[in-house]
Amino acid sequence: MSTLNDFLLVLSAEVQRTLGLWDLRKKTHSQTRRRVCFASDPFLNGETPPRIKDEPDDDGFYASPKEDSKPLKRPREDDDADYKPKKIKTEDIKKAKKRKQEEEEVMWEEERYPEGIKWKFLEHKGPVFAPPYEPLPENVKFYYDGKVMKLSTKAEEVATFFAKMLDHEYTTKEIFRKNFFKDWRKEMTSEEKSTITSLSKCDFTHMSQYFKAQTEARKQMSKEEKQKIKEENERLLKEYGYCVMDNHKERIANFKIEPPGLFRGRGNHPKMGMLKRRIMPEDIIINCSKDSKVPPPPPGHKWKEVRHDNKVTWLVSWTENIQGSIKYIMLNPSSRIKGEKDWQKYETARRLKKCVDKIRNQYREDWKSKEMKVRQRAVALYFIDKLALRAGNEKEEGETADTVGCCSLRVEHIKLHPELDGQEYVVEFDFLGKDSIRYYNKVPVEKRVFKNLQLFMENKQPEDDLFDRLNTSILNKHLQDLMEGLTAKVFRTYNASITLQQQLKELTNPDDNIPAKILSYNRANRAVAILCNHQRAPPKTFEKSMMNLQSKIDAKKEQLADARRELKSAKADAKVRRDEKSKKAVESKKKAVQRIEEQLMKLEVQATDREENKQIALSTSKLNYLDPRISVAWCKKWGIPIEKIYNKTQREKFAWAIDMAEEDYEF
DNA sequence: TCCCTAACTTAGTAACGAAAGT
DNA sequence: ACTTTCGTTACTAAGTTAGGGA
């Protein structure tokens, strides 16, 4: 348990740091560069992350551009001099770095793509549509008011959506049922409409049982049948799961069109239960290049539109009927276009690192401004920076769940405590954020912030906006003036990454073995997840698995007690006998005790780790906020295999970073 | 300035499937 | 061999931001 306490101590130190003493690290190092590049970042004078695969794959595609996209024009010759990413002598690295610094003073003469152009060539096979509805067998009945009723195909299909969710809590919710029933009736024939007038008289249980039996049957399928399905899926993936973008064969993220069903939404969503309609080819806009093979629509159908817009990255889009928003088919995170964007995101965050001090001083000054708008802006920015809150756009009432971010905070979401638990000027936050995840935090703030908040709340109702002179647009415009490319969300990225780097420095013990170091990594990761409020529902089996683990620990403890007793008697025995044999026995018993102690420790650490993770999700920060180069560098520094930190998918997504970062990388 | 929309990132959960226990 | 546990993947909702037009 002591490890847990250590962690909490470190964490609170981190929190303390966040509260006032902004500790900035020294300047970042440049990273080694390889020949094959992403398009260069306008702010970076050509520092470019590399591509990993440089060999053509089975289909003859190159991961990196070969002929048609010219490599960036280098300001100097000896093109390949720093093209040996691994195992270079220190002097070579130093030399390379020096040369690179010189290079960076010379601007690149040519961009790979002109401003806003995302690709030159794009070819794909179009989307995969949801399988058509298969009517229920005759013997599966639907009952209305206790009597069997045969539904029309359309009405039946929608009924099955409800039947499949019967076990779910939300089919009991008033709004869900109301929305569902309204939309369901739209699909009914006029006779059905006149008969079925009340949802509570509908009996879906037989249908529900049928689907459960189907699921069961699927589980019981023979190996061969399962294999067949697997192969079919692979065929589909091979055929539709990839596209060609500028000489690269790239994986598509979501090539399957979302099937029809009932909209759930998260939290208390006013539209829950509405029918998400089936998407037809006639709804689909195809985007590809003019000189590519345009995917044909399914026989007897037409696309809504085929366009050739190389200023966007999507391949397919359609308009969804619940919110009327557009959905897209885009590329996988491992693709060039996503990786490059990801890399740029972290580079922007690193630029923020260079000027964050100035910005912090600025907003502190602004707390004193004569202008209300400026004060509000400054306090909001302080929250965004210190607490990693999201920007908080305004939302249309009645269209979505009632959630807020920083700029949309309402008076009812905070409580001011001039003094609380021995701390002065405490702000208590309690609101629902993105995905209706609760944000609850008690934070001591500076006096000026506190006084400002009191001012902002004067003469307001609980449901009034806290920052009534502010919105995300005003805030982001201001940020843009402070630093090119700066927006509210950059603070989240910056603070997450810098926290990871700092926590890794503090928590990693050089003498630890690999599992202990990985535990430290997870804790650093966890500190970030807590900062960003990344939560999850405790796993359904959490309590049970925790109890299992506890009983294992108890068993181990007993075992330890036994071993200790045996050691004691062996010692007593040895004292009497004073011979070699009994001495040896003592030694081996000692070892046994030690071994069991270790095992017990391990189990306890595991329990702690799991308990700490109960409601915290690490994956979101890992995937979206932590500069992967920090993790890669850490792994290299401590000899941790990268597979221990990133699984296969993650390694693919972060391929650029794995290849780019050396052990001395500084965020 | 406001308002709206398109495009893109970030988010949690359910389903799946492999590995670990029994 | 069967069950449980656990990591991974699929899915799609819910944010942010830029930019255009009134």
Side-chain angles (χ1 to χ4, degrees), chain A residues 116 118 130 165 168 215 218-219 226 229-230 233 237 241 253-259 261 263-267 269 271-272 276 285 287 309 311-314 317 319-320 322-333 337-338 341-342 344-345 384 389-396 399-401 403-408 432-437 471-477 479-480 485-493 496 529 532-542 544-546 548-549 552 606 610 613 615-625 646-650 652:
Chain A
K118 305 288 171 58
M165 295 177 152
H168 238 286
T215 321
R218 229 173 303 132
K219 270 192 210 149
K226 281 186 181 166
I229 292 174
K230 206 176 161 190
N233 283 335
L237 175 68
N254 55 327
F255 58 93
K256 287 180 185 159
I257 300 276
E258 296 170 21
F263 177 81
R264 170 46 172 121
R266 313 222 173 122
H269 197 117
K271 298 198 170 183
M272 64 168 86
K276 211 170 89 164
I285 302 175
N287 191 34
D309 183 356
K311 296 206 170 47
V312 296
T313 66
W314 53 268
S317 76
T319 303
E320 150 270 354
I322 304 290
Q323 325 269 358
S325 65
I326 308 172
K327 300 250 178 170
Y328 303 92
I329 291 182
M330 292 183 187
L331 298 192
N332 202 59
I337 205 149
K338 294 288 183 191
K341 202 73 189 297
D342 205 34
Q344 281 193 23
K345 176 180 76 186
I384 284 172
L389 300 189
R390 296 188 185 81
N393 287 298
E394 45 284 56
K395 304 167 83 188
E396 212 175 324
E399 290 293 302
T400 57
T403 63
V404 298
C406 185
C407 294
S408 50
L432 296 183
K434 181 176 179 181
D435 293 310
S436 293
I437 297 292
N471 61 37
T472 52
S473 166
I474 294 171
L475 179 67
N476 278 334
K477 276 207 184 81
L479 293 176
Q480 193 61 235
L486 186 62
T487 62
K489 82 191 184 84
V490 179
F491 282 89
R492 249 167 104 79
T493 312
C532 293
N533 200 38
H534 289 142
Q535 297 191 33
R536 60 169 189 171
K540 282 193 189 77
T541 52
F542 185 85
K544 209 177 120 201
S545 80
M546 215 55 207
N548 284 348
L549 195 56
K552 264 191 200 168
Q606 199 186 339
R610 198 181 295 179
N613 253 359
Q615 301 189 73
I616 300 170
L618 300 187
S619 61
T620 305
S621 48
K622 205 173 191 176
L623 243 38
N624 299 305
Y625 288 103
Y646 291 138
N647 67 29
K648 189 167 149 281
T649 322
Q650 293 164 342
E652 279 166 14

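First the proteins, then the strands, lettered A, B, ... as listed; each starts at 1.
An OP1 or OP2 oxygen of dT1(B) is reached within less than 4.0 angstrom by no side-chain nitrogen or oxygen of Ser473(A). Using a 4.0 Å cut-off, some side-chain N or O of Lys276(A) falls inside it from OP1 or OP2 of dA13(C). At least one side-chain nitrogen or oxygen of Lys118(A) sits closer than 4.0 Å to the OP1 or OP2 atom of dC8(B). For the pair Thr487(A) and dT17(C), the criterion of a side-chain N or O lying under 4.0 Å from OP1 or OP2 is met. Between His534(A) and dA11(B) there is a side-chain polar atom (N or O) within less than 4.0 angstrom of OP1 or OP2.
Whole-Å rounding puts the Asn287(A) CG to dA6(B) P distance at 14 Å. Note: NZ (Lys489(A)) to P (dT17(C)) measures 7 Å, nearest angstrom. Between Met165(A) atom CE and dA14(B) atom P there is a gap of 11 Å when expressed in whole angstrom units. One atom, CD of Glu394(A), and another, C1' of dG15(C), lie 13 Å apart when rounded to the nearest Å. Put simply, CG on Leu618(A) is 14 Å from C1' on dG12(B), counting in whole angstrom units. Atom pair Lys271(A):NZ and dA13(C):P shows a separation of 12 Å (rounding to whole Å applied). Whole-Å rounding puts the Lys345(A) NZ to dT10(B) C1' distance at 8 Å. Rounded to an integer number of Å, the gap from CG of Asp435(A) to C1' of dA11(B) is 5 Å.
Within 4.0 Å of Pro333(A), counting heavy atoms only, lies no atom of the nucleic acid at all. Within the 4.0 angstrom heavy-atom criterion, no nucleotide atom of any strand lies near Ile322(A). Counting non-hydrogen atoms under 4.0 angstrom, Thr403(A) reaches the backbone sugars and phosphates but no base. Contact annotation for Lys477(A): no contact, since no heavy-atom pair falls under 4.0 Å across all strands. In this structure, Gly405(A) reaches neither bases nor backbone, as no heavy-atom distance under 4.0 Å exists between it and the strands shown. Heavy atoms of Tyr328(A) sit under 4.0 angstrom from at least one base atom. Lys219(A) comes within 4.0 angstrom of nothing in the nucleic acid, heavy atoms only. Backbone-only contact: Lys395(A) has heavy atoms under 4.0 Å from sugar-phosphate atoms and none from a base. If you check every strand for non-hydrogen atoms under 4.0 Å, Asn393(A) touches a base. If you check every strand for non-hydrogen atoms under 4.0 Å, Arg266(A) touches a base. Counting non-hydrogen atoms under 4.0 angstrom, Ala391(A) reaches the backbone sugars and phosphates but no base. When heavy atoms are screened at a 4.0 angstrom cut-off, Thr313(A) is found touching the sugar-phosphate backbone but no base atom.
Toward the 5′ end of DNA chain C lies the nearest nucleotide of Thr400(A), the other residue of the pair Leu486(A) and Thr400(A) mapping further downstream. Nucleotides of DNA chain B nearest to Ile326(A) and Arg390(A) differ in position, and the one nearer the 5' end is that of Ile326(A). Comparing Ala401(A) and Asn254(A) along DNA chain C, the residue whose closest nucleotide (by nearest heavy atom) sits nearer the 5' end is Asn254(A). Summary of the strand contacts: Ala537(A) and Gly324(A) both lie near DNA chain B, and taking for each the nucleotide with the nearest heavy atom, the more 5' one is attributed to Gly324(A).
A donor atom on one side chain and an acceptor atom on the other are found under 3.5 Å apart for Glu320(A) and Ser325(A). Side chain to side chain, Thr472(A) and Asn393(A) meet the donor-acceptor criterion of an N or O pair below 3.5 Å. Side chains of Lys345(A) and Thr493(A): no donor on one and acceptor on the other come within 3.5 Å. For the residue pair Asn533(A)/Gln535(A), the side-chain donor-acceptor check at 3.5 Å is satisfied.
Ranking dA13(C), dA11(B), dC8(B) by closeness to the Met330(A) side chain, first place goes to dC8(B). Side-chain proximity of Asn624(A) to dA7(B), dT17(C), dT10(B): nearest is dT10(B). The side chain of His168(A) has dA14(B) as its nearest neighbour among dT10(B), dT17(C), dA14(B). Comparing atom distances between the Gln480(A) side chain and each of dA14(C), dA7(B), dA18(C) picks out dA18(C) as nearest.
Taking the six-membered ring for Trp and thresholds of 30 and 60 degrees, His269(A) and Phe263(A) have ring planes more than 60 degrees apart, a perpendicular arrangement.
Of the charged side-chain nitrogens involved, none lies within less than 4.0 Å of a carboxylate oxygen, so that Glu399(A) and Lys395(A) do not count as a salt-bridged pair.
Contact annotation: the side chain of Phe491(A) approaches that of Leu486(A) to within less than 4.5 Å [non-hydrogen atoms, C-beta and beyond]. Residues Leu475(A) and Leu479(A) meet the side-chain proximity criterion, which asks for heavy atoms closer than 4.5 Å.
Between the side chain of Lys338(A) and the base of dT9(B), no donor-acceptor pair under 3.5 Å is found.
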